[in-house]
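Within every chain, numbering begins at 1; the chains are lettered A, B, ... in the order of the sequence lines, protein sequences first and strands thereafter.
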Amino acid sequence: MPELPEVEVLVRFLAPLLPNKIVGDVDVRRARVIAPTSIRKLKTSLLGAEFTGLTRRGKFLLFNLQSPNRAEPFKLLGHLGMTGRMYLLPTRNALPKHAAVVLNLGDENFIFEDTRYFGRFTLDLSGLEKLGPEPLGEEFSTDYFAHGLSKSRQPIKVKLLDQSLVAGVGNIYASEALFRAGISPRLSARRLNSSQVERLRQSIREVLTEAIECGSTTPLDYSGSELRDRLFYFGSSGTDNFYEERLRVYDRQGQSCVVCGNPIRRIVQAARSTFYCRTCQR
DNA sequence: CACCATGTTCCTTG
DNA sequence: CCAAGGAACATGGT
């Protein structure tokens with residue numbers, strides 16, 4: 001469920017639930033997700049430690065912990081990859097099939113579940129080093145963005161996925177932001193004029209902000225597998241597909257553009273799908 | 001069987 | 001050294 005808005009909503013949901021909870025057991029069921037941290041190292045660090053906070057950086061979750069054995073607090077870095085979820089589950093509930101890491105916190109377990117195991121739950125914080133600014137922060141300025149784009153010949157859609165340019169935009173919101181800005185995804189990044197750069201910067205902020213607001217009003221009730229995580233774009237069963245309906249171009253090839261009525265196109269860029277309207281986006 | 005999927009990293013090529 | 005392209009990772013849905 002991973003792009004900046006989904007991670008942000010998850011962090012807001014989990015952050016108040018974690019403080020004062022102490023790790024009583026660490027069960028690593030898929031070692032790849034904690035790499036390069038070893039199982040032993042993770043256990044040594046986490047056993048007896050208390051959660052003190054949770055924040056977000058780009059698509060990463062940053063867990064703050066305090067161990068009674070150490071003077072200094074420490075951090076754990078989480079990433080949801082393509083299919084990751086994190087949630088608290090009563091101890092009596094069965095673990096999900098793809099539980100990658102389970103932390104016992106007393107009468108409930110903290111679950112990191114990830115079908116494809118592309119996610120991370122690790123003491124290695126190096127993933128943060130090359131991140132660009134937060135798109136919703138002041139550092140993501142017009143000048144910064146213009147300068148970053150001016151050096152790249154890549155199509156603008158591909159460049160938006162570069163986490164060192166701006167942190168947190170993924171494949172869905174890249175298409176959505178370009179549609180809102182009326183800019184073709186195929187345009188070379190350095191060919192955007194200054195008004196396009198500014199429109200795109202604003203569009204990125206709006207698209208992400210609206211997605212967070214939308215997600216924040218949804219009950220994030222994961223009691224295991226029955227109640228669905230409504231932030232999941234796909235896998236919506238029955239009525240809860242409103243999330244997809246908010247998207248104006250993503251996964252809508254062949255459907256009518258909400259602005260001009262012409263069909264939404266799907267193209268492939270850097271081996272990933274891009275959706276756009278040829279009429280509205282030049 | 002084929003192709004598709006919210007992400008990142010590593011390897012190769014130019 | 002750098003930018004860009006593609007495969008790889010792993011599993012499931014259609």
* Structure fact -> Separation of B:dT9 atom P from A:M82 atom CE, nearest Å, is 14 Å
* Do the side-chain N or O atoms of A:K59 get closer than 4.0 angstrom to the phosphate oxygens (OP1, OP2) of B:dG7? -> yes
* Do A:F112 and A:Y87 make the cut of ring centroids closer than 6.0 angstrom? -> no
* Asked: Taking 4.0 angstrom as the limit, do A:E3 and A:K59 come out as a salt bridge?
  -> no
* **Smallest separation among heavy atoms of A:S256 and A:I264, with atom names** => C-CG1, 4.4 Å
* Want to settle it: does A:V268 or A:G168 sit nearer the 5' end of DNA chain B, counting the closest nucleotide to each? -> A:V268
* Asked: Separation of A:D124 atom CG from B:dT8 atom P, in whole Å?
  -> 15 Å
Identify every side-chain donor-acceptor pair in residues 13-25 of chain A under 3.5 Å, counting partners at least two apart or on other chains, and give the distances.
unit_1, atom_1, unit_2, atom_2, d
A:K21, NZ, A:L17, O, 3.1
A:K21, NZ, A:E108, OE2, 2.5

* Asked: Of all of residues 152-166 of chain A, which get a heavy atom below 4.0 angstrom from DNA chain C, listed by number?
  -> A:S152, A:R153, A:Q154
* Asked: With under 30° as parallel and over 60° as perpendicular, where do the rings of A:F110 and A:F51 fit, or are they tilted in between?
  -> tilted
* **Between B:dT6 (C1') and A:Y173 (OH): distance, integer Å** => 9 Å
* Structure fact -> By salt bridge (charged side-chain N to carboxylate O under 4.0 Å, His left out), A:R30 pairs with (sequence neighbours left out) none
* For DNA chain C, what dot-bracket results from Watson-Crick or G-U pairs at under 3.5 Å, with [ ] for crossers and | for inter-strand partners? -> .||||||||.||||
* Asked: Taking CG from A:L247 and P from B:dA5, how many angstroms apart are they, rounded to a whole number?
  -> 14 Å
* Value in whole Å for how far the C1' atom of B:dT6 lies from CG of A:L4 -> 13 Å
* To do: Could you check if a side-chain atom of A:S188 sits within less than 4.5 angstrom of a side-chain atom of A:Q154, using non-hydrogen atoms only?
  => no
* What residues form a salt bridge (charged side-chain N to carboxylate O under 4.0 Å, His left out) with A:K159, not counting sequence neighbours? -> A:D162
* Asked: In whole angstrom, what separates A:I267's CD1 from B:dC4's P?
  -> 14 Å
* Asked: Do A:R56's NZ or CZ and the ring of A:F60 fall within the cation-pi criteria of under 6.0 Å and 45°?
  -> no
* Could you tell me the separation between the CZ atom of A:F60 and the P atom of B:dT6, rounded to a whole number of Å? => 18 Å
* Asked: Quick one: A:F118 CZ to B:dT9 P, roughly how many Å, whole number?
  -> 13 Å
* Asked: chain A on DNA chain C: first and last contacting nucleotide, 5' to 3', under 4.0 Å to a heavy atom?
  -> C:dA4 to C:dG12
* Contact check, side chains of A:L200 and A:L178, non-hydrogen atoms, under 4.5 Å -> yes
* Closest-nucleotide ordering on DNA chain C, the 5'-leading residue of A:R32 and A:H98 -> A:R32
* To do: Quickly, which of A:K157, A:E176, A:Q281, A:R186 forms a side chain to side chain donor-acceptor pair (under 3.5 Å) with A:Y276? Name it, please.
  => A:R186
